[in-house]
Structures are given as C-alpha cells and as structure tokens.
Student: 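Can you read through this structure? Questions will come right after.
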Number of protein chains: 2
Amino acid sequence: MTAEARPAAPPLTERQEARRRGILRAGAQLAGRGGFEAVQMREVADAAGVALGTLYRYFPSKVHLLVAIMQDQLQHLQVTLRRRPPAGDDAAQRVAETLMRAFRALQRDPHLADAMVRALTFADRGVSPEVDAVSRLTTAIVLDAMGLEEPTQEQLSVVRVIEHTWHSALITWLSGRESIAQVKRDIETVCGLIDLSADTR
Amino acid sequence: MTAEARPAAPPLTERQEARRRGILRAGAQLAGRGGFEAVQMREVADAAGVALGTLYRYFPSKVHLLVAIMQDQLQHLQVTLRRRPPAGDDAAQRVAETLMRAFRALQRDPHLADAMVRALTFADRGVSPEVDAVSRLTTAIVLDAMGLEEPTQEQLSVVRVIEHTWHSALITWLSGRESIAQVKRDIETVCGLIDLSADTR
DNA sequence: AACAAGTCTGAAACTTGTTCTAGATTAGCG
DNA sequence: CGCTAATCTAGAACAAGTTTCAGACTTGTT
C-alpha cells in the first residue's frame, strides 16, 4: 500500500518510450472528455493498446498517470513560453500574464484541467516525488517570468504562495465556485506580493 | 451519477440528529487513524451503528461526509476563537495568528486533517454547496480576525487568496513536501497582502 | 388504535482502482 | 543460434465506494 524507493529508473528502450507516450496520449484524450472520473485505467490500457498490468508497470496508479500527464503539458507550456516570453514591464505583470496564459490554455480543455489538477492535489505521500517534479517545473516557470536566477528565501516564499493560489484557484474554478474573472483577480492580487517583496528587499 | 438539486432539507427529528452526530463522530474517529483512506464507508456505518444505506442517506458520498466533518470542526474553531480572539495589533498579524492557531490544532491530529483537506480539494461539482458552506465559514473566520464588517471587492479577493494559500499549503504539508516552518512562512507572507490592500485603499 | 408515508436494516450486486498469476514474447548475451 | 531474465498479455481476483431491494420499523394522522 505504501510506495517503494526510487532506485534510479533504468533507461527505456525505444518501444518502451513509445508505449509510455501512447499511454500518456490515451490518458490525456480520455481526460479530455469527462475529466478525472473519465480516466478509467482499463480504458486507458485499451486505448493505448497495452495490457492493464503493463499500464500499472509504467504508472503505479491513476494519480501517478495524471500527474505525469500534467508534467508533460507543463513542459510544452514552458517551451511555448520561452518562444514567446511574457512582455510586461515589471515582474508582477509578467508573472500574472504567464499564469493567465496558462489559465487560458486550461480553459480550452477544462476536463483535462480537471483531471490533472484534481490528481495533483489529491496525491498522497506515495506520489510526492512526481508531484514535486511538477512543482519544481511550475516554480521554474514563475521564476523565469520574474527574471530571477538566485531568489532569496523571501522570494521563494512568495513564489510558493503564488503557486498555492494558482492551484487552489483552479480547483475552485473547476468546481464551479469561482468565476473566470475571480480567478483572474486572484492571480493579479497574489502577484501584488512580488512588488511588496521587491520594496522590502 | 450526477447530484440532485437541494429542495430545502426537511427538519431532522431528535433521533435523526443523534444519528447524524454519531456518524460524524465515527467518521472523525476513523479519520483520526489512517486519514482519508482509513475512512471506509462500511466501517463508518458499523461504528455509528447504522446500516450502510442509512449512512448514504445522510451523506451521499464519502467526500460529503468528510466535508461535513470539516464544517463541524470549523464551527468548533469559530466558537473557540470568539472566546479568545487573536490579539495582534494589526489585521495581518491577527489573521496570521488565527491561521497558525488552526494549523496547530490540525497538527494535533494530522490524519484527521489529511482526511478533511483532501476531501475538500478533491470534491467535484456535486459537493459544491457543501464545500461552499465550508468556504463561507472560513471567510467569516478570516474577516472576523481582520475586524471587517463590509469588505470591499479588493479585500474579498485578498481573503480568497489567503484561503487558497491556506488550503494548498496544508496539502503540501500533509503530503510531506513542505515543512511546518515553510507553512508558517507562507501564511505570514500571504498575510502581507492585507497591509498592501490597506495602503492602497 | 389503524393506516399511509417515510425511514431504517441487512444483504447482495455493481463499478472501478489495484493486485496477482500463468503463460507468451522480447531483449541482451555468450 | 540458444539461453536467461525481464517484460508483456489476458484474464481472474480482490478492495472499497456506491446502488439497489425486500422487508421491518417509526412517525404523523385520523
């Protein structure tokens, strides 16, 4: 029931890499309809043309799978952002623009967003390493937008708070308790902390 | 599979009220060991001396049950806070103290905290009304600490951001990815927004 | 007190995540 | 090529959330 240690993943063969990609694609597609609940492990295995046991060898749980999908999407986002970086004048504006861009991307596929974000916040300790990887990626994206190389402790806390707000605002939006406009306002509000920490520097 | 409308709950008889309390107590107790996963509906029903079908009549899902438990706990917290309100000089300090007090209460029973918070963020649209009730309670507690009766739009957004940070920081703490000290720092950081919005007023 | 409507019980059934097993396939290696 | 270990497949089995149902019990009404 508890997770095992991670003894340095062995390199995957080409076919294995292809299988992995196929599983991620199938999972994302199923998430695209129906969200979290529509991602059923048997269906994912079917759609990916792989046995159920194999699916579980690649991703030890549904949450692992969805977190891996999120990591995948975030990497795409990061590439896109590097191609066209946010253009605001100060750090707060750039971070807000970055997050709003990500938010608009999620709005294009709210079901997929639902599956990924719910998995991320529902993950228990057994998925910590994977969730942590996603978190580091998100941090990197925000720090990129801020233009920081060596953040202070204080700035790191601000970034954490921004990420907290980001995740939780998404959750409330996905469950229909907060409007798109409110999410936008929350993002802009929390980005106010960046100026604050710059002043206090 | 989808949830029904809410046609104004009929008043409960005394025995029904007692059953409801018994279920909440049993659920909280099971959550106290093992957290979210340890709350098994069959066991809750057993411990509460109630048939499984009855449990589901009172709480249409495990998440509903755990959210109701959270609401219950929050109400207790609110009473406690009114008895001994936070004593800080400015609003930011009082809110931070309030949240840290709640955090210490959660630390006393991390498994229960796990069950409640994971349920809260995992809840889908079918649980929105109940989650919203918890959210309103939390907002009321924070506004109490700020000493505000009629908050502005801007202040409400700050409060939402504080709640977002609160929930998400708890999640990361519960999954072992953030330390108690970091949670404390995050709470203090986000409370900085209160001063900011006071300045800009 | 007797009836009707609503509630509760006990147990089985169903769903979906997860685990397990026996045999087929593949990959790496001498 | 032939061997061995690892991987993959198909399918059964198991676990826990949820639904369903027939019958017993309560409650409110007359």
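So you know, we letter chains A, B, ... as the sequences are listed, proteins then strands, and number each from 1. Just so you know, these numbers use all the heavy atoms, side chains as well, and skip hydrogens, waters and symmetry mates.
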Student: Just by modelled atom types, is the A:Ala169 backbone N or O under 3.5 Å from a matching donor or acceptor in the A:Glu178 side chain?
Tutor: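 Side chain of A:Glu178 to backbone of A:Ala169: no pair is present.
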Student: What's the CD-C1' distance between B:Glu17 and C:dT7, to the nearest Å?
Tutor: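 Interatomic distance, CD of B:Glu17 to C1' of C:dT7: 16 Å.
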Student: Please give, in whole Å, the distance from D:dG17 P to B:His64 NE2?
Tutor: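 The distance from NE2 of B:His64 to P of D:dG17 comes to 15 Å, rounded to the nearest Å.
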Student: Describe, in one word, how the ring planes of B:Phe122 and B:Phe36 are oriented to each other, choosing from parallel (under 30°), tilted (30 to 60°) and perpendicular (over 60°).
Tutor: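 B:Phe122 vs B:Phe36 ring planes: perpendicular.
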Student: Considering every strand shown, what is the Watson-Crick or G-U wobble mate of D:dT20 when both distances are under 3.5 Å?
Tutor: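 By the stated definition (distances under 3.5 Å), C:dA11 pairs with D:dT20.
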Student: Could you tell me whether a side-chain N or O of A:Arg177 sits under 3.5 Å from a main-chain N or O of A:Thr172, the two making a donor and an acceptor?
Tutor: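 Side chain of A:Arg177 to backbone of A:Thr172, a donor-acceptor pair under 3.5 Å: no, none is there.
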Student: Can any side-chain N or O of B:Glu97 pair as donor or acceptor with the backbone N or O of B:Ala87 at less than 3.5 Å?
Tutor: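 Present.
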Student: Give the residues of residues 53-62 of chain A touching DNA chain D, defined as any heavy atom closer than 4.0 Å, sorted by residue number.
Tutor: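 Contacting residues: A:Thr54, A:Arg57, A:Tyr58.
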Student: Mind calculating the distance between CD (B:Glu14) and P (C:dT7) to the nearest angstrom?
Tutor: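 The distance from CD of B:Glu14 to P of C:dT7 comes to 17 Å, rounded to the nearest Å.
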Student: Write down the distance between CG (B:Leu65) and C1' (D:dG17), rounded to a whole number of angstrom.
Tutor: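 Rounded to whole Å, this separation is 12 Å.
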Student: Of all of residues 22-32 of chain B, which get a heavy atom below 4.0 angstrom from DNA chain C, listed by number?
Tutor: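 None - not one residue of the stretch has a heavy atom sitting under 4.0 Å from the strand.
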Student: Please give, in whole Å, the distance from D:dG17 P to A:Phe122 CZ?
Tutor: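 After rounding, the reported distance stands at 10 Å.
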Student: Please confirm whether the backbone N or O of B:Met70 pairs with a side-chain atom of B:Gln73, one donor and one acceptor, at under 3.5 Å?
Tutor: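 Here the side-chain-to-backbone pair does not exist.
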Student: At what distance, to the nearest 0.5 angstrom, does CZ of A:Arg20 lie from CG of A:Asp72?
Tutor: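 It is 7.5 Å, given to the nearest 0.5 Å.
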Student: Send over the distance from B:Met41 CE to D:dA16 P, rounded to a whole Å.
Tutor: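 After rounding, the reported distance stands at 14 Å.
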Student: Of all the choices, C:dT7, D:dT18, C:dT18, which nucleotide is nearest to the side chain of B:Leu52 once you look at every atom?
Tutor: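 The answer is D:dT18, which lies nearest to the side chain.
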Student: Sequence neighbours left out, what pairs pass side-chain hydrogen bond (donor to acceptor under 3.5 Å, both in side chains) with at least one residue falling in residues 105-123 of chain B?
Tutor: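 As it turns out, the side-chain hydrogen bond (donor to acceptor under 3.5 Å, both in side chains) pairs with a partner in residues 105-123 of chain B, which skip direct neighbours, are B:Asp114-B:Arg118.
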Student: Can you figure out which of D:dA16, D:dA13, C:dT9 approaches the side chain of B:Arg42 most closely?
Tutor: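 Per side-chain heavy atoms of B:Arg42, the pick is D:dA16.
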Student: Please confirm whether the backbone N or O of B:Thr139 pairs with a side-chain atom of B:Glu163, one donor and one acceptor, at under 3.5 Å?
Tutor: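 Judged by distance alone, yes, a pair lies under 3.5 Å.
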Student: Output the rounded distance in Å from CG (A:Asp124) to C1' (C:dG17).
Tutor: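 Rounded to whole Å, this separation is 13 Å.
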Student: Quick check on D:dA6: is either OP1 or OP2 less than 4.0 Å from any side-chain nitrogen or oxygen of A:Gln16?
Tutor: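 Result: no.
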Student: Nearest to the side chain of B:Arg15, heavy atoms from C-beta on, is which of D:dT27, D:dT7, D:dA16?
Tutor: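 The closest nucleotide is D:dT27.
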Student: Determine, for B:Arg42 against B:Asp46, whether the closest basic-nitrogen to carboxylate-oxygen distance falls under 4.0 angstrom.
Tutor: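 The answer is no: the pair does not qualify as a salt bridge.
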Student: Given that A:Gly49 and B:Val39 both sit by DNA chain D, which one's nearest nucleotide is further toward the 5' end?
Tutor: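 On the 5' side of the pair lies A:Gly49.
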